[in-house]
2 protein chains.
Amino acid sequence: MTLRPTQACDQCTLRQLCLPMGLPDTELWQLDEIVQQRRPIEKGSTLFSMGSPFEYLYAVRTGTMKTVLMGDDGTEQITGFALAGELLGLDAIHQGSHPVTAIALESTSVCAVPWSLVEDLSGRLPTFRQHLMGVMSRGLASEENLHALLGQRSAEQRLATFLLSLSQRHHARGLAADRFILPMSRADIANHLGLTQETISRLFTQMRRQGLIELHTRDLYIPDLDALRTTAGVSTSAASSA
Amino acid sequence: MTLRPTQACDQCTLRQLCLPMGLPDTELWQLDEIVQQRRPIEKGSTLFSMGSPFEYLYAVRTGTMKTVLMGDDGTEQITGFALAGELLGLDAIHQGSHPVTAIALESTSVCAVPWSLVEDLSGRLPTFRQHLMGVMSRGLASEENLHALLGQRSAEQRLATFLLSLSQRHHARGLAADRFILPMSRADIANHLGLTQETISRLFTQMRRQGLIELHTRDLYIPDLDALRTTAGVSTSAASSA
DNA sequence: CGCTCAGTTGACGTATCTCAATCTAAGTGG
DNA sequence: CCACTTAGATTGAGATACGTCAACTGAGCG
């Protein structure tokens, strides 16, 4: 047993995906020193709320979060899902407060990085800065893909694309691309894709009948990824998180 | 007549909106020295194409551009419109090539800033870096709003919100909020909002009959902005560009 | 073992799309 | 300066994908 906290960045399996990507070992300790390991956020509870001041960037360690934009009229839009290794809060830099609420879909642990530290490291370490800007740039490109998905695609194509996006992101984490658990409800998927719960449910049974997927509750298996890609409309580059 | 090019950043009316915002005068010349003023891009021609290498960040000086994401199957999605002072190319940093094609809606002039210069200035000037990250962050937040617009709102609400967004952006440039020219076609508006040309046309005549707008060809007048906000669904913070 | 909430399925309604026919504005060449 | 052309815009009639409302079912949990 070592005295080093098991959550240390240099031990983290997500290091290649997460904020410290590209940081030299000699600088990594600066993150380790200051990054706060919060106790897990319970399913359904919020990490930060829309309108709250922006102080930390968060990296998901384990679990899954959703980000929700609440409308004045009570409508809610799920703008994205954050898997392990993905960052939350980059959309808050501009106005200094979070434009969305972050809610845990399951028990989820995060690393909290003070924004002031990120700014400091950005000024001193070009590699770190480039990585950070790359992440933001990728976020912009992803949302453009999502825009095209919502604007041009049928319900079936949206759902297939969404499943492929999850598959791809799991694969990027070294997990199986064809078998994983959906951490979110049908209603969450529907909301995110601009559809209704009922439509998602109908599509799932239709896809089951076509042999495109096997799905028990939230346990998903995709026997033929290429077949799913075909129904998605050949969009290989699926949209990712926000 | 001065020998200084009239396009110099320190003379530019967009300085407070554009990339050099917050740059000290003592540093401004570094942009001026290197920024290329391109000859105007004619209506309908492209500034850069999807897939082309990312070398420059572009700032719109005059005119309007649209950014289009082309699908493998021939579908096109207009992801945003860039007005004077807005930046193009931030979504290309990550993958090193442009994910969208930029097309001029009218004769448009841009400033081309080498990305290497931007990176250099980002490393040396904290204020500049903060501004740049702020712009990207705002882009992320804007696209989240757009997501909610496409996912939750009716055709009428989408169009009203879109007009208010244009109005607001004109106002931010010191122009009239209630009277401006639509630089894009009905088909472009429709595509951007996930609707059809016919629906937009029908909504325009409906809004005309309700007295919400006056519109001759592309000449728009909004007699009562608050009324339009009401039909938009009280979303004061309208979505902006991409 | 029954409560509760997520998920499924059905019947029906409708906002928006599709197809197609004008109509209008802005050029363009004679 | 006026026919002619052409692309954009408007309008109508009919089709449909998806939503709404509502009942039912199954899974997890105390």
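In what follows, chains carry the letters A, B, and so on, assigned in the order in which the sequence lines appear, proteins first and then strands, with residues in each chain numbered from 1. Hydrogens, waters and symmetry mates are skipped; everything else that's a heavy atom, side chains included, is used.
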Rounding to an integer number of Å, can you tell me how far [X] [atom1] sits from [N] [atom2]?
| X | N | atom1 | atom2 | result |
| --- | --- | --- | --- | --- |
| A/N191 | C/dA6 | CG | C1' | 16 Å |
| A/L215 | D/dA27 | CG | C1' | 14 Å |
| A/E106 | D/dG28 | CD | P | 15 Å |
| A/Q206 | C/dT8 | CD | P | 13 Å |
| B/L182 | D/dG8 | CG | P | 15 Å |
| A/L159 | C/dG7 | CG | P | 13 Å |
| A/Q197 | D/dG19 | CD | P | 12 Å |
| A/L220 | C/dG7 | CG | P | 13 Å |

Remember a base hit wins even if backbone is also touched, and classify [X] as base, sugar-phosphate or nothing at under 4.0 Å, heavy atoms.
| X | result |
| --- | --- |
| B/L195 | sugar-phosphate |
| B/R158 | nothing |
| A/G194 | sugar-phosphate |
| B/S185 | sugar-phosphate |

Has the side chain of B/E198 got a donor or acceptor that lies under 3.5 Å from a partner of the other kind on the base of C/dC19?
yes

Please determine whether a side-chain nitrogen or oxygen atom of B/T205 lies at a distance below 4.0 Å from atom OP1 or OP2 of D/dT11.
yes

OP1, OP2 of C/dA6 versus side-chain N and O of A/R186: anything below 4.0 Å?
no

Where each residue is assigned the nucleotide of DNA chain C containing its nearest heavy atom, which of A/T199 and B/T196 is assigned the position nearer the 5′ end?
A/T199

Could you check whether B/E86 pairs with B/R173 (Lys NZ or Arg NE/NH1/NH2 to Asp/Glu carboxylate O, under 4.0 Å)?
yes

Does the plane of the ring in B/F180 sit parallel, tilted or perpendicular to the ring in B/H170? Use 30° and 60° as the thresholds.
parallel

Mind telling me whether B/F48 and B/Y58 have parallel, tilted or perpendicular rings, with 30° and 60° as the class edges?
parallel

Do you know the tightest heavy-atom contact between A/F204 and A/I213?
CD2-CD1, 3.5 Å

Have B/E143 and A/H147 got a donor and an acceptor in their side chains that come within less than 3.5 Å?
no

Do B/T199 and B/T196 pair up side chain to side chain, a donor and an acceptor below 3.5 Å, judged on atom types alone?
yes

Any non-hydrogen side-chain atom of B/I93 less than 4.5 Å from a side-chain atom of B/M136?
yes

Measure the shortest side-chain to side-chain distance between A/M50 and A/H98 over non-hydrogen atoms and say whether it is less than 4.5 angstrom.
no

Among C/dG7, C/dT16, D/dA9, the one nearest B/R218 by side-chain distance
D/dA9

Among D/dT20, C/dT18, D/dC18, the one nearest any side-chain atom of A/R202 is D/dT20

Counting only Watson-Crick and G-U wobble pairs with both atom distances below 3.5 Å, the stems of 3 or more consecutive pairs that include DNA chain D are C:1-30 with D:1-30

